[in-house]
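Structure, as structure tokens:
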Amino acid sequence: KAGVTQTPRYLIKTRGQQVTLSCSPISGHRSVSWYQQTPGQGLQFLFEYFSETQRNKGNFPGRFSGRQFSNSRSEMNVSTLELGDSALYLCASSRGLALSYEQYFGPGTRLTVT
Amino acid sequence: EDKVVQSPLSLVVHEGDTVTLNCSYEVTNFRSLLWYKQEKKAPTFLFMLTSSGIEKKSGRLSSILDKKELSSILNITATQTGDSAIYLCAVIFFGNEKLTFGTGTRLTIIP
């Protein structure tokens, strides 16, 4: 079956702009988690959505937000972009909550903020 | 604050060697520890270790959880060039429900 897909794969934005990233989970998976990966900080948890509800949130400012739709697809939005937001954004899906089920990661969206 | 530390940060070995990667955690209310392999972009799941399942093995890869030392090791025997990747360790804590990742170990296998 098809894996987790993320769009777009690459994105270049300027400071102050906003961006929306999309994640389509594996069919039948109800949980989607988002992560930010940078060389200095490694992989950091952003948030997890399950059945259209945010279940958990990491330590990121309010500029980072997300949502999940009834078909389990999820979007992540970053407003007022800063240079430090340049990173690889990964989403992962699982059948149930991530704490109990294996997560499958997508290929990521590489965001560059100039 | 809960913390996950991996060592070494990077490792270069020759094909055929055996490697041991370490992951230690400073946590309260440990629930489970996971190992992932990241080759280019998407991390792929390797093992999940819990208090009821402290040892896992799959082919040349194996992992053990040491609850007393608050650590885990990932062992790879007879390494191959395809094992070159970043190996990530993540811990889940009761009451937190999120994965806290270490910064990873970059493993390079020289032919």
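All values derive from a computational prediction rather than experimental measurement. Note: hydrogens, waters and symmetry copies are ignored here, and every other heavy atom, side chains too, is used. Lettering of chains follows the sequences in order, A, B, ..., and the numbering in each one begins at 1.
Both the backbone and the side chain of Q103(A) come within contact range of chain B, judged by heavy atoms closer than 4.5 Å. Only the side chain of Y36(B) comes within contact range of chain A, with heavy atoms under 4.5 Å apart. With a threshold of 4.5 angstrom between heavy atoms, Y35(A) approaches chain B through side-chain atoms but not through N, CA, C or O. Both the backbone and the side chain of L43(A) come within less than 4.5 Å of a heavy atom of chain B. In this structure, chain A has no heavy atom under 4.5 Å from any part of L34(B).
Within 6.0 Å of atom CD1 in I110(B), more than 12 heavy atoms from other residues, nucleotides or ligands are found, so the atom counts as buried in its surroundings. Enclosure of atom CZ in R60(B) by more than 12 non-hydrogen atoms of other residues, nucleotides or ligands within 6.0 angstrom is indicated. Atom CZ of R95(A) has 12 or fewer heavy atoms from other residues, nucleotides or ligands within 6.0 Å. Heavy atoms from other residues, nucleotides or ligands lying under 6.0 Å from CZ of R106(B) number 12 at most.
Two residues are said to be in side-chain contact when any heavy atoms from C-beta on lie closer than 4.5 Å; I86(B) and Q37(A) fail this criterion.
By the criterion of side-chain heavy atoms lying less than 4.5 angstrom apart, applied directly or through intervening Ile, Leu, Val, Met, Phe, Trp or Tyr residues, Y101(A) is not grouped with L33(B); the two fall into different hydrophobic clusters. Both V13(B) and L61(B) belong to a single network of hydrophobic side chains, linked directly or stepwise wherever heavy atoms of I, L, V, M, F, W or Y lie under 4.5 Å apart. Both I76(B) and L11(B) are members of a single hydrophobic cluster when ILVMFWY side chains are connected at heavy-atom separations under 4.5 Å. Residues F50(A) and F47(A) fall into different hydrophobic clusters, defined by Ile, Leu, Val, Met, Phe, Trp and Tyr side chains chained together at heavy-atom separations under 4.5 Å.
The most heavy-atom pairs under 4.5 Å with chain A, out of S32(B), P43(B), A42(B), A90(B), come from P43(B). Across Q44(A), K57(A), R55(A), the residue that shares the most heavy-atom pairs under 4.5 angstrom with chain B is R55(A). Contact count versus chain B (heavy atoms, under 4.5 Å) is highest, among S33(A), G106(A), G108(A), for G106(A).
The distance from atom CD of E48(A) to atom NZ of K98(B), rounded to the nearest 0.5 Å, is 12.0 Å.
Contact detail for A98(A) and I92(B): the closest heavy-atom pair is O-CD1, 3.9 Å.
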